[in-house]
Structures are given as structure tokens and as C-alpha cells.
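We number each residue from 1, following the sequence as shown.
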Amino acid sequence: MEVYVIIGVIVLLLLIFYVTGRVSEHHRNQITRAALLEEFGKLPDTEYQASDLERIGKYHAKMADQIPPGHFCIDDTTWNDLNMNDVFAKFNATQSSVGEEYLYHRMHLMSLAEETHFAGLTDYFGEHEDERLKTQIILHKLGRIRQFSITDILGYAYDLEPERNLKHYLLDIGLILSVILIFFSSGIGVTALLILLAYSILSYYKRKGEITPYFTTFMYIIRMLTAAESIAANKDSVMERDAEILSGIVAKCRHFKKNAFFLTSGTQFTENIFDILFDYIRIIFHIDIIKFNSMLQFLKEHTENIELLRAVLGRIDASIAVASTMKAMPHLTRPEFTEEKELAVTDGIHPLLADPVPN
């Protein structure tokens with residue numbers, strides 16, 4: 001009878017934790033939704049330091065080397081002469097790191113093939129408030145990493161060589177055997193267990209200290225996959241192209257995402273209150289280190305999918321930011337491209353001027 005009572009109490013506690021978590025998440029979503037409604041159509045007032053712009057610009061610096069010949073790209077001198085960093089700050093209403101890095105890159109470019117799709121996304125999110133808010137909440141959860149460039153943290157992981165898991169498996173087997181040995185020879189079993197535990201904990205923290213910086217990379221990739229899975233549910237014709245790409249990437253990276261549970265403990269990217277229950281198991285049996293090594297190998301084999309994932313999510317986030325800017329500045333117009341190599345502007349103004357005189 002006591003066993004059933006204990007099981008019932010455990011089930012009840014788990015149910016309370018689950019319901020509390022869902023209620024808390026719903027409340028946070030409502031707060032975020034209200035803030036996004038208030039902010040849309042207003043220009044951000046964020047100030048950027050030189051270090052911030054350098055971090056955000058890493059993606060453009062990487063992609064600039066891959067721009068095909070004949071495609072227009074603003075050079076650094078012209079960008080600075082036009083005070084484009086200030087223009088970017090005024091337009092950057094993105095919700096994620098991949099969004100602001102993509103927006104910064106895109107503001108350097110003019111690609112006619114891509115222009116039509118991006119304009120379609122901008123118009124779509126400007127006209128469909130509910131879908132925009134759903135997407136913004138998803139991207140808001142994806143969030144920003146202020147200290148590092150996504151380009152850098154992905155690059156570090158791509159360059160890291162995975163460690164073999166054999167020694168970790170042998171250690172786990174030794175721990176299990178020492179526990180079994182206690183029932184036959186308690187003295188020897190306990191001694192062996194204590195020695196192995198000491199070695200396990202010390203070696204765990206040594207290796208964990210070496211790979212912990214890369215956990216940030218992995219958890220952000222997992223967040224991107226989670227965001228992609230949610231956004232891909234939007235089957236609207238304008239979103240169909242991106243939804244199909246995102247669905248394909250999620251399917252290919254399902255194994256990577258499935259292992260997220262083993263890496264979330266002790267990171268800033270999780271609100272899962274159950275993780276603490278598994279901390280000691282992870283430490284003793286090196287579970288997260290073993291999973292890290294296998295996930296790192298998987299990542300190195302799927303770099304193209306991860307880069308495409310960040311680009312599509314970034315494009316969606318950036319298009320919403322441009323939609324917000326166009327609502328805040330209704331005098332902005334979309335340029336019409338022709339085959340003629342000339343520039344014609346009517347009533348042109350600089351977006352940084354508070355009370356400009358059109359020319």
C-alpha cells in the first residue's frame with residue numbers, strides 16, 4: 001500500500017510541475033505578444049558599440065567572400081560614408097542573433113533573384129498580424145547571444161575534433177561492476193567504487209571545462225531546430241518555400257535535436273526543472289560528454305544544413321524587421337529595378353534625419 005502512495009505522490013508532483021510550467025510559459029508568451037504588438041511599427045532606439053557591430057558583421061564578412069561575380073555588394077568605404085551602421089541600428093527590429101546578422105548582411109546586397117522573395121515575406125508579415133506575432137514569439141525564444149557572433153561559435157564547433165567515447169564507456173562499465181562487486185565483497189567493491197567515482201568526477205570536470213564553451217553552440221543550434229519546426233507549420237503560399245526547406249532540415253537533424261536533453265543541464269538555455277534530477281547521473285557516467293562527442297561528429301557532417309537553417313531563419317526575422325520599419329516610416333518605398341544602369345530618385349530623404357527636406 002505504501003508503494004502505491006509513494007508512486008501516487010511522485011505522479012502528482014510531476015503533474016503539478018508540468019501544469020505549472022505550461023501556465024508559466026503561456027503567461028510569458030502573453031507578455032511577449034503584448035510587447036511585440038507595442039513595438040511593431042516603431043523604430044528601435046538601441047545603441048551599438050563598435051564591438052557589437054563587429055560581432056554582428058561577422059556573418060557578412062564570411063558571406064562576402066562567397067558572393068558570385070556580378071552581384072552587387074556595398075564595400076566597407078561606401079558603407080561607412082553613408083553612415084549605414086546607424087541606419088542598420090534604426091532598422092534592426094529583429095528578435096534573434098541569426099536575424100540581426102542576416103539583416104546586416106542583406107543591407108549590403110542587391111540580388112534581384114532574392115529580392116522578390118524577401119519583398120513577398122515583408123509584405124506578408126506586414127499584412128498578417130497573427131502569423132507575424134506567432135513567428136516573432138518563436139524567434140524571440142530563439143533569442144540572441146550578446147557575447148559572441150553566431151558565425152564564430154559555429155566556426156569553433158566546425159573546427160573542433162570529436163573525442164573517442166571508448167574510455168567513457170569503459171569507465172561506466174567499471175562503475176557498474178564495482179557496484180555489483182559490493183554484494184560479493186563489500187570492502188573491495190566499496191574501495192573500487194570510491195576510486196572510480198573520484199576519477200569519474202575529476203575527469204568529468206576537466207573535460208567538461210574544455211567543452212563547455214561549445215555547449216552554447218549546440219544549444220543554439222537546437223533552438224534553431226525547434227524554431228524551424230514551429231515556423232515550418234505555416235503552410236501559407238508565401239511561406240511555402242521556406243517551410244519546405246526548414247522541414248527538410250529538421251528531418252535530417254532529428255537525431256541531433258533528440259540528444260538535447262543530455263546537454264541542457266546547467267546551461268542558460270533551458271527552463272526544464274527536471275534537469276537537476278539528472279545532474280549527478282550525468283556527472284558520474286559522463287553522459288553529456290558522450291553525447292557531445294557523437295553530436296559533434298554529426299554536426300561536422302551536416303554543416304551545410306546548419307548554415308542553410310540559420311540563413312532561412314535569419315531571412316524570416318529580417319523580413320519582419322523591415323516590415324516594422326516600413327510601417328514606422330511610411331514614406332519609404334521599394335525600389336523598382338530596370339535594365340538601365342542609372343539611378344533615379346524622386347523626393348529622396350536620408351532616413352537618419354528627423355525633419356528632412358525631400359530632394
Side-chain angles (χ1 to χ4, degrees), residues 44 46-69 71-111 114 118 139-161 211-225 227-228 245 249 253 256 267-269 296 299-300 302-322 325:
T46 307
E47 295 185 5
Y48 292 90
Q49 303 296 323
S51 58
D52 297 324
L53 294 168
E54 181 182 2
R55 167 178 54 81
I56 295 171
K58 292 288 184 69
Y59 180 62
H60 171 68
K62 173 186 174 182
M63 298 302 294
D65 295 334
Q66 304 176 23
I67 297 175
H71 284 65
F72 177 77
C73 179
I74 299 176
D75 61 86
D76 291 341
T77 301
T78 304
W79 178 270
N80 292 327
D81 288 345
L82 296 175
N83 297 322
M84 289 299 292
N85 281 332
D86 294 332
V87 176
F88 166 77
K90 201 167 187 176
F91 287 8
N92 185 22
T94 58
Q95 302 297 315
S96 66
S97 289
V98 292
E100 66 181 3
E101 290 185 16
Y102 184 91
L103 178 64
Y104 189 86
H105 170 58
R106 182 164 189 82
M107 288 178 66
H108 284 75
L109 306 179
M110 185 183 72
S111 173
E114 177 62 20
F118 189 84
L139 293 168
H140 182 79
K141 290 179 181 178
L142 174 58
R144 290 187 171 92
I145 300 179
R146 298 290 186 182
Q147 303 91 334
F148 308 104
S149 161
I150 300 300
T151 302
D152 280 345
I153 66 172
L154 287 175
Y156 297 150
Y158 295 154
D159 294 337
L160 182 66
E161 289 300 322
I211 66 175
T212 291
Y214 300 98
F215 277 41
T216 300
T217 307
F218 280 25
M219 294 316 302
Y220 200 82
I221 292 174
I222 290 165
R223 279 191 165 196
M224 286 197 293
L225 290 170
I245 294 173
I249 295 173
C253 298
F256 187 93
T267 72
Q268 59 178 323
F269 292 96
L296 177 60
L299 176 62
K300 293 172 76 68
H302 291 79
T303 55
E304 291 185 5
N305 286 316
I306 299 304
E307 288 299 318
L308 180 58
L309 172 66
R310 71 173 294 190
V312 174
L313 291 175
R315 178 169 63 215
I316 292 171
D317 199 359
S319 70
I320 296 175
V322 173
T325 302

By side chain to side chain contact (heavy atoms under 4.5 Å, CB included), which residues pair with Asp65, not counting sequence neighbours?
none
Would the distance check show the side chain of Tyr214 and the main-chain N or O of Leu154 forming a donor-acceptor pair, the cut-off being under 3.5 Å?
no
Listed partners of Lys90 passing salt bridge (Lys or Arg N to Asp or Glu O under 4.0 Å), at least two apart:
none
Ignoring hydrogens and angles, tell me if any N or O in the side chain of Gln95 forms a donor-acceptor pair with the backbone of Leu142 under 3.5 Å.
no
With distance as the sole test, does Ser97 use its side chain to make a donor-acceptor pair with the main-chain N or O of Ile150 at under 3.5 Å?
no
Find out whether Lys141 and Arg223 are in side-chain contact, i.e. whether some heavy atom of one side chain is under 4.5 Å from a heavy atom of the other.
no
The side chain to side chain contact (heavy atoms under 4.5 Å, CB included) partners of Gln49 (sequence neighbours excluded) come to Ser51, Asp52
Point-to-point distance, once rounded to the nearest 0.5 Å, from CG of Leu103 to OG1 of Thr94:
6.5 Å
Stepwise side-chain contact (heavy atoms from CB on, under 4.5 Å) check, Glu101 with Lys58
CA-CA 8 Å; Glu101 290 185 16; Lys58 292 288 184 69; 5.6 Å; no
Could you check Tyr59 against Val98 for side-chain contact (heavy atoms from CB on, under 4.5 Å), going step by step and ending with a plain yes or no?
CA-CA 9 Å; Tyr59 180 62; Val98 292; over 6 Å; no
Salt bridge (Lys or Arg N to Asp or Glu O under 4.0 Å) involving Glu54 - partner list, sequence neighbours excluded
none
Using side-chain contact (heavy atoms from CB on, under 4.5 Å), reason through Leu313 and Asp317 one step at a time and then give a plain yes or no.
CA-CA 6 Å; Leu313 291 175; Asp317 199 359; over 6 Å; no
Give a yes or no answer on whether the side chain of Arg106 reaches the backbone of Arg315 with a donor-acceptor pair at less than 3.5 Å.
no
With sequence neighbours excluded, tell me which residues meet salt bridge (Lys or Arg N to Asp or Glu O under 4.0 Å) with Glu100.
Arg55, Arg144
Is there a side-chain contact between Leu225 and Phe256 (heavy atoms, below 4.5 Å)?
yes
Taking all heavy atoms of Glu161 and all of Leu296, pick out the closest pair and write down the distance.
C-CD2, 3.9 Å
Mind checking the OG1-CG spacing from Thr217 to Asp152? Nearest 0.5 Å is all I need.
9.5 Å
Kindly write out the residues that satisfy side chain to side chain donor-acceptor pair (under 3.5 Å) with Asp81, not counting sequence neighbours, or none if the list is empty.
none
Test of ring centre spacing under 6.0 Å for Tyr156 and Phe148:
no
Which residues share a side chain to side chain contact (heavy atoms under 4.5 Å, CB included) with Gln66, sequence neighbours left out:
Lys62, Met63
Ring pair (Phe, Tyr, Trp, His ring centres under 6.0 Å) against Tyr104, all qualifying residues, sequence neighbours excluded:
Trp79, Phe88, His108
Listed partners of His302 passing ring pair (Phe, Tyr, Trp, His ring centres under 6.0 Å), at least two apart
Phe298
Apply side chain to side chain donor-acceptor pair (under 3.5 Å) to Tyr158 and list each qualifying residue two or more places apart in sequence or on a separate chain.
Glu307
State whether the side chain of Asn305 and the backbone N or O of Ile249 hold a donor-acceptor pair below 3.5 Å, judged by distance alone.
no
With sequence neighbours excluded, tell me which residues meet side chain to side chain donor-acceptor pair (under 3.5 Å) with Thr46.
none
If I compare all heavy atoms of Tyr220 with all of Ser96, which pair ends up nearest, and what's the gap?
OH-CB, 3.9 Å
Among all residues two or more places apart in sequence or in another chain, which pass the salt bridge (Lys or Arg N to Asp or Glu O under 4.0 Å) test with Asp86?
none
With heavy-atom distances below 4.5 Å as the criterion, would you say the side chains of Met224 and Ile306 are in contact?
yes
Between the CG atom in Leu160 and the NZ atom in Lys300, the distance rounded to the nearest 0.5 Å is 7.0 Å
Locate the shortest heavy-atom distance separating Ala318 from Tyr102; write the atom from each residue and the value.
CB-CD2, 3.8 Å
Got a donor-acceptor contact below 3.5 angstrom from the Thr325 side chain to the Ala321 backbone?
yes
Nearest heavy-atom contact between Phe72 and Ile74 is CE2-CG1, 3.7 Å
side-chain contact (heavy atoms from CB on, under 4.5 Å) between Ile145 and Ile153: does it pass, once the steps are laid out?
CA-CA 10 Å; Ile145 300 179; Ile153 66 172; 3.7 Å; yes
